[in-house]
A.B. asks: 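Here it is, the structure, as structure tokens.
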Amino acid sequence: MARDVLVLNGPNLNLLGTREPGVYGAATLADVELACREKAGSLGLAMEFRQSNHEGDLVDWIHEAGRRKAGVVINPGAYTHTSIALHDAIKGTGVPLIEVHLSNVHARESFRHHSFVSPVASGVIVGLGPRGYLLALDAIAAILAD
Ligand code: DQA
């Protein structure tokens, strides 16, 4: 049976392609979704790809992943640096989760250096652009197979 994976994207990631292309590149979120869909297919994962600008949606989707025993790949956007609610949702559900950032947050402003998600993530991938999502899918597939 295919294992479920939710790929979740937080605020402003719907603007990819036009948002600070020097930082985030030219790929749109639809491009990232397509690449993820191909990768997930090759890994035998049943993937759902979602984006929201609202913190509570991301919390609800992590709860859903917990109920479904799904893995999560998440780019929490700016909520990475602010959201104790996301931290608590991940900790409270125990979902296997890979945190992804397109940019190298550690090479940017100091307010991006702290993540509330990293301490409760299974792993973290930063600075590799859309390829980071594909590496995260490899990782979550391996974790779900363990
Ligand atoms: C981001 C990095 C965050 O600091 C920022 O707020 C984003 C995107 C990234 O993918 O590099 O929205 O998560």
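Numbering starts at 1 and runs along the sequence shown. In listed order, ligands and their atoms are each counted from 1.
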A.B. asks: Show me the short polar-atom pairs for ligand 1: any N or O of it lying under 3.5 Å from a protein N or O, with distances only.
C.D. replies:
from     : atom 1 : to     : atom 2 : distance (Å)
ligand 1 : 4 (O)  : His81  : NE2    : 2.7
ligand 1 : 4 (O)  : Arg112 : NH1    : 2.9
ligand 1 : 6 (O)  : Ala78  : N      : 3.2
ligand 1 : 6 (O)  : Arg112 : NH1    : 3.1
ligand 1 : 10 (O) : Asn75  : ND2    : 2.8
ligand 1 : 10 (O) : Leu102 : N      : 2.8
ligand 1 : 11 (O) : Leu102 : N      : 3.3
ligand 1 : 11 (O) : Ser103 : N      : 2.9
ligand 1 : 11 (O) : Ser103 : OG     : 2.6
ligand 1 : 12 (O) : Arg19  : NH1    : 3.1
ligand 1 : 12 (O) : Arg19  : NH2    : 3.0
ligand 1 : 13 (O) : Asn75  : OD1    : 2.8
ligand 1 : 13 (O) : His101 : ND1    : 2.8

A.B. asks: Under a 3.5 Å cutoff, is there a donor and acceptor pairing between the side chains of Asn9 and Tyr133?
C.D. replies: yes

A.B. asks: Using a strict threshold of under 4.0 Å (side-chain N to carboxylate O), is an ion pair present between Arg67 and Glu64?
C.D. replies: no

A.B. asks: Could you check whether Asn53 and Gln51, counting side-chain N and O atoms only, form a donor-acceptor pair closer than 3.5 Å?
C.D. replies: yes

A.B. asks: Do Glu48 and Arg68 meet the salt-bridge criterion of a basic N to acidic O distance under 4.0 Å?
C.D. replies: yes

A.B. asks: Distance from His101 atom NE2 to Leu128 atom CG, nearest 0.5 Å?
C.D. replies: 12.0 Å

A.B. asks: Is Arg50 salt-bridged to Asp57, going by a charged N under 4.0 Å from an acidic O?
C.D. replies: no

